[in-house]
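Have a look at the structure below before the remarks.
Labels below follow one simple rule: chain letters A, B, ... track the order of the sequence lines, proteins then strands, and each chain is numbered from 1.
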Amino acid sequence: MTDRMGLLLYDLQLRDWISVSLFVAALCVVAVWQLLDYSPFEPRLKRNMLNVYATCCLAAWLWWLFILTSIR
Amino acid sequence: MMSKTTQYSIIALGAVLRLLLIWNAGMWYDENFSLMLSRLPLLDMLAATAGDVHPPLYYLLIWPLGQIPGLPAWALRLPSALFSIVTLALYPRLLAHLQVPATVQQIAFVLLAIMPMQLHYAQEARMYALLEMLFALGVLAVFESRPLMLCTAATCLLYTQNYGLLYVATLFILTLLLRGPFIRNLLGAIAAAMIAWLPWLPVMQAQLAEIQGHYWIFFTPGWVLYSLWKLFWASSLNHVAGLMSSMIVTFAWLLVATWYLLTRRPAAWLQIGLLGYGPLILAVVASLFVTPMVLPRPLIGITPFLYLACAYPLGRIASMRHWLYAAAFLLPMFVTSLGGYYVFNKAQKEADGNGDVAAVTSYIRDNWRPGDALYFSGDSPYVNYSPYLEDLPRYLKPDCTERPQGALSNKTRKALHATMAPFDVVSSQYNRIWLVYVEAPLMPQCEVETMIGIIDNAEPVYVLRDERLIFSAIWLLDKED
């Protein structure tokens with residue numbers, strides 16, 4: 001196996017782990033969201049969580065726009 | 001039902017996005033392979049694809065374009081744009097048959113018009129936009145009980161890509177599921193398509209035997225998930241900041257959509273689930289038991305139905321506050337993916353095509369002398385540069401070992417009229433040799449060592465790519481020096 005093949009396999013494994021981890025994370029978010037329906041804190045808690053997450057997403061948006069305009 | 005004005009506006013938007021900057025990016029390896037095939041005599045073109053991995057229909061359709069002298073290479077992308085626009089135009093009819101509520105229809109229709117996956121393959125000289133259009137036509141034929149149309153679409157699917165088998169199997173299940181009054185005629189149409197495909201079956205078997213152990217597809221759970229993500233964004237969000245955050249939002253969106261389909265069961269939920277996930281599930285099963293075959297691009301046929309599933313939860317949103325939340329999650333991805341598609345597409349394709357072909361070929365031509373020859377280290381530089389240097393003497397280095405992964409078969413190389421010769425033979429015939437060398441991960445160690453031995457006495461003149469995974473450059477060997 002060449003060095004570059006080793007690097008490719010490392011990248012593919014890393015991408016696999018990222019994909020699986022983020023899928024599990026997304027599964028947890030959706031599952032917790034469903035389970036919150038049975039919590040006494042609902043709907044205020046859901047609303048607060050949404051506010052936090054939406055703010056993060058908007059921040060990510062600005063970050064992406066920064067990347068988009070600064071990378072060639 | 002959407003109004004005609006809304007439909008035409010969305011189709012016009014999709015058409016503009018599909019044609020915008022279609023000429024801008026250089027062609028990458030797969031597109032250059034299409035270009036080479038389209039320029040061959042018809043029988044050689046058929047032999048080249050029979051020795052490769054795909055059936056011939058797409059190459060037959062673009063072949064007349066390749067025969068027009070002086071036609072720019074990017075013009076080969078225009079049929080794909082046309083196929084993609086036709087799919088978009090067919091979509092409202094499909095949505096109507098699936099009894100989709102008006103709001104959900106509009107959301108799904110806009111998604112199909114603007115998703116980067118759609119734009120990417122509408123602007124690619126490959127068969128995937130055709131595959132998507134044919135599957136949509138096949139589904140429409142089942143819904144509208146039109147056996148002749150179904151037979152034509154299914155036959156064309158089978159002759160376009162090997163995934164056609166999975167799509168035809170899905171059409172078969174859909175026909176059984178609907179149990180319409182013309183079920184016998186429709187099943188007969190699918191059977192007729194399978195019979196029409198039989199002449200290609202031995203060729204496909206030979207192709208499978210040929211690529212056994214040499215194909216480059218890996219199969220892992222992470223790859224399947226990554227492929228699903230790609231069906232939305234293609235390569236437009238590949239930068240790591242976009243990849244990670246868009247992955248979690250996309251997976252959550254898909255999970256919510258699937259959960260919605262399974263629990264709330266809107267009208268035709270089973271059909272939508274079958275069309276959106278059926279071919280993917282079949283590909284996973286085939287990968288587990290036959291050979292790894294999950295790839296995002298041939299799965300493009302399921303995207304209209306996957307996007308429809310994703311449109312359902314959005315269509316339920318009633319309050320402005322919830323729309324704002326949805327926008328906070330999804331808008332960043334749409335804005336950056338559309339921007340990212342048009343910004344990065346050129347760089348991405350040219351990287352996959354071994355550099356800026358126009359600049360490199362004009363450099364070679366400007367410095368070319370009588371008695372020069374080109375020597376390519378492998379298929380990748382040969383396919384990427386040959387179509388633009390057809391008038392110059394070109395040679396391809398034979399494999400130093402058994403066929404490397406991802407390499408063309410000798411049958412295809414022969415049909416492409418590639419002259420394979422050891423370096424010593426070429427060196428004895430020419431004064432100067434331009435060595436085009438690409439060192440990529442799938443290249444066996446012996447290939448690297450052979451090429452390093454050859455370029456040792458040559459002078460580096462042009463670096464094409466100097467990256468972590470790939471290094472490619474041009475050396476010039478002048479025997480008089």
Side-chain angles (χ1 to χ4, degrees), chain A residues 1-38 41-72, chain B residues 218 220-229 237 239-256 258-259 263 321-322 324-333 335-337 339-340 343-344 347 405 439-449 467-471:
Chain A
M1 184 169 53
T2 60
D3 293 347
R4 288 184 201 275
M5 186 64 186
L7 286 172
L8 175 71
L9 288 176
Y10 171 79
D11 282 8
L12 291 177
Q13 280 172 4
L14 185 68
R15 196 181 59 195
D16 270 4
W17 276 109
I18 290 174
S19 307
V20 172
S21 311
L22 294 179
F23 182 77
V24 172
L27 195 65
C28 292
V29 169
V30 175
V32 168
W33 197 253
Q34 291 293 321
L35 290 174
L36 272 181
D37 286 346
Y38 304 100
F41 306 112
E42 219 271 334
R44 208 182 61 191
L45 186 60
K46 267 193 173 180
R47 193 173 192 163
N48 290 342
M49 283 170 68
L50 265 177
N51 285 338
V52 170
Y53 196 47
T55 311
C56 290
C57 268
L58 285 171
W61 184 9
L62 293 175
W63 172 239
W64 282 340
L65 284 180
F66 168 72
I67 287 168
L68 208 64
T69 49
S70 62
I71 288 183
R72 280 281 160 267
Chain B
F218 302 89
T220 56
W223 172 246
V224 177
L225 293 169
Y226 179 73
S227 301
L228 258 176
W229 173 83
L237 290 169
H239 190 275
V240 70
L243 177 92
M244 306 262 284
S245 37
S246 71
M247 255 190 187
I248 193 159
V249 175
T250 308
F251 289 147
W253 191 13
L254 261 175
L255 283 164
V256 169
T258 312
W259 184 251
T263 55
R321 189 169 64 85
H322 283 100
L324 282 175
Y325 285 132
F329 298 139
L330 300 176
L331 259 186
M333 290 196 302
V335 172
T336 48
S337 67
V343 171
F344 296 132
Q405 272 187 320
E439 192 185 312
L442 295 179
M443 200 168 175
Q445 186 64 37
C446 66
E447 300 277 340
V448 177
E449 283 164 10
E467 294 157 21
R468 188 167 152 269
L469 287 179
I470 290 183
F471 177 76

Which region of [X], side chain (C-beta onward) or backbone (N, CA, C, O), has a non-hydrogen atom less than 4.5 Å from a non-hydrogen atom of chain A, or is it both or neither?
| X | value |
| --- | --- |
| B/E467 | backbone |
| B/I470 | backbone |
| B/W253 | neither |

- Query: Taking atom CG of B/L442 and atom CG of A/L8, what is their separation to the nearest 0.5 Å?
  - Reply: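 Taking CG in B/L442 and CG in A/L8, the distance rounds to 6.5 Å.
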- Hey, could you give me the OH/CG distance between A/Y10 and B/L469, rounded to the nearest 0.5 Å?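 Here the interatomic distance stands at 12.0 Å.
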- Item | Those residues that, when tested against B/Y325, pass ring-ring contact (aromatic ring centres under 6.0 Å, His included) (two or more places apart) |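 With sequence neighbours excluded, B/Y325 shows a ring-ring contact (aromatic ring centres under 6.0 Å, His included) to no residue whatsoever.
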- Message: For the interface with chain B, which of A/V20, A/L27, A/L7 has the highest count of heavy-atom pairs at distances below 4.5 Å?
- Response: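 Going by pairs under 4.5 Å, I would pick A/L7.
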- Which answer fits A/Q34, side chain, backbone, both or neither, if we ask what part of it has an atom under 4.5 Å from a heavy atom of chain B?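 Contact with chain B is through the side chain of A/Q34 alone.
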- Query: Looking at B/M247 and A/S19, what are the two nearest heavy atoms and their distance?
  - Reply: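 Here B/M247 and A/S19 meet closest at CE-OG, 3.4 Å.
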- Item | Minimum-distance pair of heavy atoms, taken over all atoms of B/A252 and A/A26 |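 Where B/A252 meets A/A26 most closely, the heavy atoms are N-CB, 3.5 Å.
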- Item | Test item: A/D16 side-chain N/O and B/P221 main-chain N/O as donor-acceptor pair under 3.5 Å |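 No, A/D16 side chain to B/P221 backbone: no donor-acceptor pair under 3.5 Å.
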- Message: Going by the rule salt bridge (charged side-chain N to carboxylate O under 4.0 Å, His left out), which residues pair with B/R468 if we only count those two or more places apart in sequence or in a different chain?
- Response: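 B/R468 satisfies salt bridge (charged side-chain N to carboxylate O under 4.0 Å, His left out) with A/D11 only.
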